[in-house]
Amino acid sequence: MHAITVPSPGGVDALVYTRLPDVSPGHGEVLIDVAAAGVNRADVSQREGHYPPPPGASPLPGMEVSGIIRSLGTGVNDWAVGDRVCALLPGGGYASLAVAAAGQLLPVPDSLDLVDAAGLPEAIATVWSNVFLTAGLRSGETLLVHGGSSGIGTIAIQLARAFGSLVAVTAGSSAKLAACERLGAEILIDYRQSDFAHELITATEGRGVDVILDSIGGAYLDRNLRSLAPHGRLVNVGNLSGETGTLDFALVMRRWLSIHGSTLRARTAAEKDEIVASVRKNVWPLVLSGQVHPVIDSRFALADAALAHHRMESSEHIGKLLLVP
Ligand SMILES: NC(=O)c1ccc[n+]([C@@H]2O[C@H](COP(=O)([O-])OP(=O)(O)OC[C@H]3O[C@@H](n4cnc5c(N)ncnc54)[C@H](OP(=O)(O)O)[C@@H]3O)[C@@H](O)[C@H]2O)c1
């Protein structure tokens with residue numbers, strides 16, 4: 001198979017296109033002929049040597065793919081050779097063949113482009129598990145999404161709108177905010193032009209928001225907490241600005257706030273199966289109807305993974321970057 005390896009950590013040139021022996025599915029797994037792999041921020045950290053794959057996972061980067069099932073491992077009864085699928089992976093997506101756990105597959109309808117479907121599993125599972133299962137966002141509540149135009153953000157906006165929430169976003173340019181608005185975001189804040197916490201309090205007439213999906217981390221901790229309404233929930237999934245910040249416990253107590261954090265990749269297989277099953281039941285009908293769709297910035301050949309990482313690091317993209325073997 002063709003694959004991208006990272007023989008030694010570093011810049012984009014650390015991604016090496018090569019040929020490797022084909023992988024094969026074990027018990028409870030399927031082998032996928034990869035149509036595309038989604039690129040995630042975590043892949044950049046892995047390439048740099050800051051985010052090693054969990055024990056037992058493929059050393060190749062790539063946490064999500066779409067494609068066609070080529071063969072089944074033992075004990076797989078509910079999928080068939082030839083099925084169009086997309087999958088959450090602990091690694092190994094940057095390749096022409098990938099092995100996925102049968103419990104972490106989702107069916108790709110004919111109405112959805114098979115390549116574009118690679119942009120869904122990681123973002124949908126992350127947003128669903130954090131914003132809905134953990135933070136319990138309810139219809140009528142307001143969600144703030146930092147990095148609204150990111151792969152994660154574009155899905156968070158669509159899901160929150162579909163489930164009846166008002167959505168506020170921060171992003172770094174007017175073009176990015178316009179893209180967020182087209183997806184349904186209503187409070188649009190250019191964090192480079194003004195202080196997001198100030199803008200948000202004004203836009204919500206002093207109340208604040210109910211849930212914040214935060215991938216910025218340390219530098220935003222205090223302002224995030226000050227942007228929450230009573231009983232507000234902060235869910236942290238990334239630390240693009242750094243890992244530490246100052247926590248005002250008095251504020252947490254006075255407003256009955258809660259703070260959560262999680263990382264999807266390191267969860268147990270059983271937990272990820274459960275999240276994917278919940279996504280299939282609760283979110284996938286919205287994908288089947290077209291109400292929620294992948295927002296694709298650009299496609300690159302797998303051999304050009306370095307160009308895709310370069311674009312991700314430039315932060316110029318809106319939505320997902322895909323690698324096509
Ligand atoms: N915990 C989990 O399970 C999990 C799973 C998936 C993703 N994530 C996290 O979710 C975040 C988004 O992931 P993604 O793959 O969707 O990323 P992405 O598409 O590359 O989006 C990240 C965006 O964040 C914005 N940003 C704001 N401050 C930034 C900073 N200091 N440095 C870099 N970018 C900054 C940038 O847009 P602007 O122009 O608006 O600044 C950038 O485009 C990442 O932190 C990722 O690690 C976590």
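Every number for a ligand or one of its atoms is a count from 1 in the order of the listing. These numbers were taken from a predicted model, which means no experiment stands behind them.
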* Other than F249, what residues sit in its cluster of Ile, Leu, Val, Met, Phe, Trp and Tyr side chains whose heavy atoms are under 4.5 Å apart, directly or through others? ->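 Taking Ile, Leu, Val, Met, Phe, Trp and Tyr as members, F249 shares its hydrophobic cluster with L144, L166, I187, I189, Y191, F196, L200, V209, I212, I216, Y220, L221, L225, L228, L234, L240, L247, L251, V252, L257, I259.
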* Can you check whether L183 reaches H293 side chain to side chain, under 4.5 Å on heavy atoms? ->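 Sidechains of H293 and L183: in contact.
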* Can you tell me which residues line ligand 1 if we count any heavy atom under 4.0 angstrom from one of its atoms, in chain and number order? =>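 Residues near ligand 1: N40, R41, E122, T126, S150, G151, I152, A171, G172, K176, Y191, R192, S215, I216, V237, G238, L240, S262, T263, L264, M312, S315, H317.
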Looking at [X] and [Y], does any basic side-chain N land under 4.0 Å from a carboxylate oxygen?
{"X": "E313", "Y": "R47", "value": "yes"}
{"X": "K176", "Y": "D190", "value": "no"}
{"X": "R311", "Y": "D297", "value": "yes"}

* Verify same cluster id: V287, I275 (apolar side-chain graph, 4.5 Å) ->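 They do share one cluster, since a chain of ILVMFWY contacts under 4.5 Å joins V287 to I275.
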